[in-house]
Amino acid sequence: MITVKLPDGTPLELPDGATGAEAAAAIGPGLAKAAVAAVVDGEMRDLALPLADGEAIELVTKKSGDAYLYPMRHTAAHVLAEAVQRLFPGTSFAFGPPIEDGFYYDFELPRPLTEDDFPAIENEMRRIAREKAGLSRSVMSIAEADAFFSEAKQPYKVDQVRELASQGETEVSIYQQNDFTDLCRGPHVHTTGEIGHIKLMSVAGAYFRGDSDNTMLTRVYATSFPTKAELDAYLERIELAKARDHRRLGRRLDLFTFDDAGPGFPFFLPRGWSSSTRSAPPCVRARPARLRRDRDPTILSEDLWKRSGHWEHYRENILHRGRRRRYAVKPMNCPGAALVFRSRRRSYRDLPLRLAEFGHVHRHELSGVLHGLFRVRAFTQDDAHIFCRLDQVKDEIQAVLDLIDRFYARFGFTEVHKLLSTRPAKAAGTREMWDRAEDALREALEGREYTLNEGDGAFYGPKIDFQVTDSMGRRWQLGTCQLDFSMPEKFDLSFTSEQDTDERPVMIHRAVLGSIERFLGILIEDCGGDFPFWLAPEHARVIPVSDRHHDYANTVRHTLVERGLRVDVDARSESMGRRIRDGEVGKVPYLLIVGDREVESGQVSVRARRGEEVGSRTLADLTKELAALASGDASA
RNA sequence: GCCGGAGUAGCUCAGUUGGCCAGAGCAGCCGCCUUGUAAGCGGCAGGUCAGGGGUUCGAAUCCCCUCUCCGGCUCCA
């Protein structure tokens with residue numbers, strides 16, 4: 001006998017070798033019929049697999065919510081593949097897993113596929129769904145599976161069978177519905193009729209196994225939801241996100257632009273740059289006593305980058321050009337900071353030396369990866385490099401962690417995810433150095449929640465990355481805090497210790513917002529262009545009712561501008577309705593209407609975004625309120 | 001870089017069995033209107049149809065090359 005634990009904690013006794021299906025049957029016939037999979041110790045499994053003593057099991061049914069999506073979409077992927085098999089004979093099949101918002105399947109097709117083919121494929125999928133074909137699971141030995149898929153001319157499946165064999169598997173599971181047979185771990189729903197409401201989303205290229213040395217396959221992205229309402233809600237969410245696309249808003253709100261003269265190099269318009277520069281200085285101001293500003297050259301000799309190790313590890317991304325001596329445009333700020341450190345003899349009394357720089361870096365990025373402000377070829381890092389002794393590392397890192405938490409909260413990002421990334425395959429420096437650095441980071445993180453990201457460190461050292469979740473639930477990588485024993489060695493950095501010996505400092509690289517450009521893009525999408533007041537490119541706009549109110553309108557503007565507020569007057573000869581609309585569309589936080597009544601009483605009629613009634617204020621009160629709003633938020 | 005799609009006025013887009021001087025709305029400019037909380041009216045101007053080559057009596061439209069953009073893959077902040 002074995003005993004498994006049910007979700008409510010009750011134990012369930014079963015005979016040896018009992019399967020998930022038998023567990024369901026033991027609980028009740030209704031469940032036996034409804035169950036499609038079992039979550040065993042957190043892992044989704046087919047009901048046909050045997051359970052072991054002591055395992056915690058949870059049976060998945062249509063009522064299981066998100067857990068049900070996995071087998072449902074997995075089956076939908078098989079149905080997609082079967083539809084493609086019917087419509088495009090000769091297709092080879094690769095992988096087709098469920099993913100975050102749906103599923104995909106990778107094919108090698110006899111001809112290119114376009115979205116014009118979607119209706120036909122969707123119709124075929126619906127036809128297969130109506131057939132309600134059962135999915136049957138079977139097991140083959142490696143040899144049988146190899147022979148079967150070789151015979152079926154499915155090279156990617158054969159490849160996967162051999163891959164599994166090399167991992168020590170002796171048999172593989174196979175799922176079949178109608179004439180479609182797939183190598184698959186499962187689990188699946190019972191029939192093709194239970195794939196929910198489906199929609200094909202897009203077609204894209206994808207390398208087999210994600211390796212750019214492999215052939216490029218055709219990937220069809222699709223999604224499915226149990227009900228039509230859920231599918232529609234999802235599609236609506238996509239539309240909403242599209243309306244917030246920072247590339248669209250950036251153009252409409254006059255924030256930034258791109259030009260063919262420099263693909264991937266953003267041009268910031270005055271309105272855009274005021275927002276992005278304003279988002280940064282508080283970061284530096286946050287600890288005036290701790291940070292010292294510096295600034296290094298943008299272009300430096302290639303030899304420098306050879307010495308720093310960037311040439312070896314990062315050459316593809318460095319833009320360079322030279323006449324007699326070869327120069328390179330800096331892709332990172334760290335070697336410059338190392339040179340600043342080395343500019344004179346350093347003492348232990350100088351440490352920790354914290355240099356902050358808003359470095360404008362350039363990197364060559366492959367044309368296909370450029371994407372609005374999210375991925376560009378020139379960007380500004382709110383960078384800092386801290387030079388310190390090994391025994392100061394923990395305190396310094398913890399101070400950075402604190403700073404980052406506080407700073408993100410200021411922008412409304414309270415959900416901060418921390419990732420500790422360790423030694424990558426291609427790394428500079430010795431194993432011992434890496435171990436010491438990783439230990440130091442782990443120690444600094446003690447007591448905080450974080451996840452381990454094995455092998456994803458920078459080439460010069462391990463790092464802690466920071467991700468925030470925006471208002472739409474998307475996760476973005478922002479800041480980073482990296483420990484570096486390698487750069488100080490490359491540049492032979494040293495300081496004189498209390499004992500009058502030469503010691504090597506440790507270097508900490510950190511960025512809070514990461515790329516200012518990217519952060520602005522995230523911010524635009526997070527707020528949909530409705531910037532928080534303190535960040536708005538234009539705090540308020542004065543709208544005089546008619547020509548005779550222009551003088552008063554200018555007085556209002558002057559008064560507010562004197563207090564450091566960004567205010568314009570819209571004195572165009574357009575109707576009021578029109579000027580108010582333009583203010584709304586331009587997302588100006590406050591529209592200040594002034595006509596006869598206001599001139600007489602020395603007041604201003606205030607309209608907030610989306611017509612929200614604020615009422616009238618005297619000019620003095622309004623000035624005080626807005627000034628408080630601007631500075632209050634910024635230092636909150 | 002790779003796969004697929006696209007590129008017509010500053011922006012959003014019409015314009016395909018190849019055929020008169022290539023169209024609209026918005027934005028721009030000029031005028032009129034002098035306005036009370038989300039688009040007042042009229043006029044003008046604006047295009048080497050991404051660039052280059054080819055097919056044709058004739059190309060925005062068909063073919064080839066290059067560039068850029070979009071969706072992915074790889075990479076990454």
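Quick note: numbers below take in every heavy atom, side chains included, and nothing from hydrogens, waters or symmetry partners. Order of the sequence lines fixes the chain letters, A, B, ..., with proteins taken first and strands second; residue numbering starts at 1 for each chain.
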Distance in angstrom units between [X] [atom1] and [N] [atom2], rounded:
X        : N     : atom1 : atom2 : result
A/Met332 : B/A77 : CE    : P     : 7 Å
A/Asn333 : B/A77 : CG    : P     : 13 Å
A/Lys242 : B/C70 : NZ    : P     : 14 Å
A/Asp596 : B/U35 : CG    : P     : 8 Å
A/Glu115 : B/G72 : CD    : C1'   : 11 Å

Pairing partner of [N] (Watson-Crick or G-U wobble, both distances under 3.5 Å):
N     : result
B/C73 : B/G1
B/G10 : B/C26
B/C21 : none

Checklist entry - When you match A/Val376 and A/Thr218 each to their closest nucleotide on RNA chain B, which lands nearer the 5' end? => result A/Thr218
Next on the checklist: Closest-nucleotide mapping onto RNA chain B: is A/Ser515 or A/Ser202 further toward the 5' terminus? I mean the 5' end.
Outcome noted: A/Ser202
Out of [options], which has the shortest distance to the side chain of [X]?
X        : options             : value
A/Thr114 : B/C75, B/A38, B/G5  : B/G5
A/Ser605 : B/G72, B/G36, B/U35 : B/G36
A/Tyr207 : B/C2, B/U37, B/U35  : B/C2
A/Arg247 : B/U34, B/C70, B/A77 : B/C70
A/Pro263 : B/C69, B/G71, B/A77 : B/C69

Checklist entry - Does A/Phe379 lie flat on the base of B/A77, that is, centres under 5.5 Å apart and planes under 30° off? => result yes
Checklist entry - Which is true for A/Arg609 with a 4.0 Å heavy-atom rule: it touches a base, it touches only sugar-phosphate, or it touches nothing? => result nothing
Next on the checklist: Counting the atoms with a prime plus P, OP1 and OP2 as sugar-phosphate, which does A/Val361 contact under 4.0 Å by heavy atoms, base, sugar-phosphate, or nothing?
Outcome noted: nothing
Quick test: give all pairs of protein nitrogen or oxygen and nucleotides 10-14 of chain B nitrogen or oxygen below 3.5 Å, distance rounded to 0.1 Å.
none

Checklist entry - Which of these, A/Tyr408, A/Phe407, A/Phe413, sits in a ring pair (Phe, Tyr, Trp, His ring centres under 6.0 Å) with A/Phe411? => result A/Phe407
Checklist entry - Do the ring planes of A/His310 and A/Tyr460 sit parallel (below 30°), tilted (30 to 60°) or perpendicular (above 60°)? => result tilted
Check: protein-nucleotides 40-42 of chain B nitrogen or oxygen pairs below 3.5 Å:
{"unit_1": "B/G40", "atom_1": "OP1", "unit_2": "A/Arg578", "atom_2": "NH1", "d": "3.3"}
{"unit_1": "B/G40", "atom_1": "OP2", "unit_2": "A/Ser575", "atom_2": "OG", "d": "2.4"}

Item to check | B/G10 versus B/G72 - spacing of their P atoms, nearest Å | outcome: 29 Å
Item to check | Contacts of A/Asp465 that satisfy side-chain contact (heavy atoms from CB on, under 4.5 Å) - sequence neighbours left out | outcome: A/Leu419, A/Ser421, A/Lys463, A/Gln477, A/Thr480
